[in-house]
Amino acid sequence: MMRNSQQIRSLKAPRERLPGGSRRWIRASMDWLVAEFGRDVLQRPIALPADMIPVAYDGSRAAATELCGRVDGRMDLRPGQCGLSFELECVRRPRGATVKEQSGRWLRGTEQNLIQLAPTLPNDPVALIAIYAHEVGHELLLGSGRITLTTRPDHESLTDLITVFYGLGIFTANAAYERRPRPNGRGKQPLARGYLREAALSEALAYYAMLRGERHPEWERHLDAPVRRGMRNHLAVLHR
């Protein structure tokens with residue numbers, strides 16, 4: 001049981017080391033995003049599930065493409081700025097009792113950059129929004145030349161953080177950790193997504209709320225319970 005608890009904590013912790021520690025890194029990086037993209041982005045209404053996912057969403061490729069278009073609008077991506085494909089082979093990497101998988105990829109092209117998504121993603125609109133928003137983040141950061149892999153070796157974590165900055169943090173946080181049925185049907189298997197994961201995303205959402213002047217944000221009720229509790233704790237510290 002202790003090993004399982006430690007394993008779960010590790011899956012909810014940041015995937016890579018954050019320079020200076022999570023608190024300092026989150027604050028410095030979020031402040032940089034505000035300076036780079038503008039405070040007006042920070043003050044936009046946060047995206048709620050009901051705002052993004054249509055009631056009639058059916059998981060089809062057409063519905064998923066339309067959903068990605070909504071993310072484009074939220075993140076100021078021009079129509080057709082990136083090509084979109086649902087042909088990415090979903091590479092699942094079992095590690096003991098857990099699974100890690102790559103469900104999205106941003107690729108630099110000669111005439112147009114491309115975002116590739118796994119064909120199974122349309123079945124899970126929350127994960128689809130989270131992963132697609134992360135790839136759009138690559139376009140905004142790397143595609144625009146705002147950063148390079150050399151100047152920001154922490155670019156993957158920064159790309160998770162930009163989804164919070166653009167008001168899509170509910171989706172990134174709720175898709176960061178889940179338990180899926182095992183292929184053999186015996187119990188469930190943890191699945192971790194992203195780079196900041198639940199622990200750092202709780203802190204990032206708290207700092208995001210503070211920058212927006214929200215002490216008790218109404219939108220917190222849409223967060224999964226562990227993230228919501230963590231965000232409340234961090235907000236209490238920030239407002240002391």
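The model shown is predicted, which means the values in this text are computed figures rather than measured ones.
Nearest heavy-atom pair across Leu48 and Ile170 is CD2-CD1, 3.8 Å. For the residue pair Leu128 and Ala64, the shortest heavy atom distance occurs at CD2-CB, 3.7 Å. In terms of heavy-atom proximity, His239 sits nearest to Glu214 at NE2-O, 4.0 Å. The shortest non-hydrogen separation linking Ser202 to Pro226 is OG-O, 4.2 Å. Leu168 and Ala133 get closest at one heavy-atom pair: CD1-CB, 3.9 Å. Considering every non-hydrogen atom in both Cys68 and Leu117, the closest pair reads SG-CD1, 4.0 Å.
If you take OH on Tyr208 and CE on Met30, they are separated by 8.0 Å, rounding to the nearest 0.5 Å. The distance from the CZ atom of Arg197 to the OG atom of Ser22 is 14.5 Å, given to the nearest 0.5 Å. Atom CZ of Phe171 sits about 9.0 Å away from atom NE2 of His222, to the nearest 0.5 Å. Atom CG of Asn113 is separated from atom SG of Cys82 by 5.5 Å, given to the nearest 0.5 angstrom. We find the CG-CD1 distance between Leu141 and Ile162 to be 4.0 Å, quoted to the nearest 0.5 Å. Taking CG of Leu161 as the start and OG1 of Thr172 as the end, the distance is 9.5 Å to the nearest 0.5 Å.
Heavy atoms from other residues, nucleotides or ligands lying under 6.0 Å from CZ of Arg24 number 12 at most. Shown here is Arg78, whose CZ atom has no more than 12 heavy atoms of other residues, nucleotides or ligands within 6.0 Å.
Between Glu203 and Arg23, at least one side-chain N (NZ, or NE/NH1/NH2) sits under 4.0 Å from a carboxylate O, which counts as a salt bridge. Comment: Arg152 does not engage Glu36 in a salt bridge, judged by the lack of any side-chain N to carboxylate O separation of less than 4.0 angstrom. For the pair Arg44 and Asp76, the salt-bridge criterion is met [side-chain N within less than 4.0 Å of a carboxylate O].
Judged by distance alone, the side chain of Asp160 and the main-chain N or O of Gly194 form no donor-acceptor pair under 3.5 Å. Tyr57 contributes a side-chain N or O that, together with a main-chain N or O of Pro122, makes up a donor-acceptor pair within less than 3.5 Å. Without hydrogens or angle criteria, Arg70 side chain to Asp51 main chain gives a donor-acceptor distance under 3.5 Å. In terms of modelled atom types and a separation under 3.5 Å, the side chain of Gln112 and the main chain of Gly80 share a donor-acceptor contact. Judged by distance alone, with hydrogens and angles left aside, the side-chain atoms of Thr151 form a donor-acceptor pair with the main-chain N or O of Thr148 at under 3.5 Å.
Linking Ile, Leu, Val, Met, Phe, Trp and Tyr whenever their side-chain heavy atoms come within less than 4.5 Å leaves Leu121 and Leu114 in two separate clusters. The cluster map of Ile, Leu, Val, Met, Phe, Trp and Tyr, joined by side-chain heavy atoms under 4.5 Å apart, puts Val71 and Phe86 in the same cluster. Connection of Ile131 to Leu107 is not established within any shared hydrophobic cluster, with ILVMFWY side chains joined at heavy-atom distances below 4.5 Å, either directly or through further cluster members. Clustering ILVMFWY residues whenever any of their side-chain heavy atoms sit less than 4.5 angstrom apart, transitively, puts Val41 in the very cluster that holds Leu211.
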Candidate pair Tyr166 and Leu140, rule side-chain contact (heavy atoms from CB on, under 4.5 Å), full reasoning: CA-CA 11 Å; Tyr166 267 94; Leu140 297 179; 3.8 Å; yes
Audit row: Gln116, Glu87, side-chain hydrogen bond (donor to acceptor under 3.5 Å, both in side chains) steps and yes/no: CA-CA 6 Å; Gln116 294 180 328; Glu87 307 303 327; over 6 Å; no
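Within the 4.5 Å cutoff, side-chain heavy atoms of Asp72 are placed close to those of Tyr132. For the pair Thr159/Trp106, no side-chain contact is recorded, criterion being any heavy-atom separation below 4.5 Å from C-beta on. With a 4.5 Å cut-off on side-chain heavy atoms, Val126 and Asn174 count as touching. Counting heavy atoms from C-beta outward, Leu235 and Pro217 have side chains that approach closer than 4.5 Å. Counting heavy atoms from C-beta outward, Leu67 and Pro54 have side chains that approach closer than 4.5 Å. Ile115 places none of its side-chain heavy atoms less than 4.5 Å from the side chain of Ser85. Put simply, the side chain of Met52 does not reach to within 4.5 Å of the side chain of Pro125, judged on heavy atoms. In this structure the side chain of Leu18 reaches within 4.5 angstrom of the side chain of Ser157, judged on heavy atoms.
Partner of His138 under the side-chain hydrogen bond (donor to acceptor under 3.5 Å, both in side chains) criterion, out of Arg105, His155, Glu156: Glu156 alone.
Ring orientation note: the planes of Phe37 and Phe165 are tilted relative to one another, at an angle of 30° to 60°. Note on ring orientation: taking the six-membered ring where Trp is involved, the planes of His134 and Tyr195 are parallel (angle under 30°, cut-offs 30° and 60°).
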